[in-house]
Amino acid sequence: MNDLTSLPTAYRPCVGVMLVNASGMVFVAERLDSRHGTDHTSGFWQMPQGGVDPGEDLEQAALRELAEETGVSGSMVTLLKKTREPIRYDLPDDLIGKLWKGRYRGQEQVWFLARFSGSDADIDLEAHDPPEFAQWKWLEPDLLPDVIVPFKRYVYRTVLDEFRDLI
């Protein structure tokens with residue numbers, strides 16, 4: 001059990017992108033580090049997200065993370081909206097102090113809704129070395145909370161509720 005006085009109190013600044021295609025489907029990818037055994041569909045899926053570099057604008061960070069994780073450049077998307085407020089989540093107790101060099105107890109995320117104007121052939125999970133994802137798919141928006149790790153479900157429900165009218 002963690003000593004509560006030694007737990008980090010800061011939240012990692014982060015951005016996320018809900019990438020939607022012309023059919024209103026949402027891009028999700030299976031994290032390489034969430035796979036279990038040899039069953040390639042047993043891991044958790046997520047939308048592109050990542051940390052904000054010092055001095056980086058949130059919109060720039062969102063487009064950078066999107067390009068790094070999916071190969072989708074800013075010229076292939078139109079940013080439609082961002083969340084009104086940052087959304088925080090805490091890591092489960094057994095992960096606090098183990099991720100992100102132990103500096104953060106969770107993330108504070110600003111999410112962007114982006115309309116994808118490219119084709120499926122433009123998606124390249126190996127655009128960044130090393131890649132973070134094993135595979136990707138388009139998913140019905142209402143299924144998002146079902147595929148993410150349980151401790152992030154609140155975040156996905158909140159993002160979905162905020163962006164639903166534009167998906």
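One-based numbering along the sequence shown. Side-chain atoms are counted along with the backbone in the values below, which use heavy atoms only and exclude waters and symmetry mates.
- Interatomic distance, I167 CD1 to K81 NZ, rounded to the nearest 0.5 Å: 10.0 Å.
- Remark: side-chain polar atoms of T70 are not paired, donor with acceptor, to backbone N or O of I123 under 3.5 angstrom.
- The main-chain N or O of M47 is found under 3.5 Å from a side-chain atom of Y156 such that the two form a donor-acceptor pair.
- Among all heavy-atom pairs drawn from G50 and C14, the shortest one is O-SG, 3.0 Å.
- D90 approaches F151 most closely through the heavy-atom pair O-CD1, 4.0 Å.
- Between atom OG1 of residue T158 and atom CG of residue L160 there is a gap of 9.5 Å, rounded to the nearest 0.5 Å.
- Applying the salt bridge (charged side-chain N to carboxylate O under 4.0 Å, His left out) criterion to E68, with sequence neighbours excluded, gives R64.
- By the 6.0 Å and 45° rule, K137 stacks over the aromatic ring of W45.
- Residue pairs satisfying the salt bridge (Lys or Arg N to Asp or Glu O under 4.0 Å) criterion with at least one member in residues 149-167, sequence neighbours excluded, are listed as follows: R84-E162, D142-R164, D161-R164.
- The backbone N or O of V110 sits nowhere less than 3.5 Å from a side-chain atom of T83 that would complete a donor-acceptor pair.
- In this structure, the side chain to side chain contact (heavy atoms under 4.5 Å, CB included) partners of A62, at least two apart in sequence or on a different chain, are V15, V17, F112.
- Sorted by first and then second residue, the salt bridge (Lys or Arg N to Asp or Glu O under 4.0 Å) pairs with a member in residues 106-121 read R88-E108; sequence neighbours excluded.
- Remark: the backbone N or O of Q49 is paired with a side-chain donor or acceptor of E69 at under 3.5 angstrom.
- Residues forming a side chain to side chain contact (heavy atoms under 4.5 Å, CB included) with N21 (at least two apart in sequence, or on another chain): S23, M25, W138.
- Here S75 pairs with S73 under the side chain to side chain contact (heavy atoms under 4.5 Å, CB included) rule; sequence neighbours left out.
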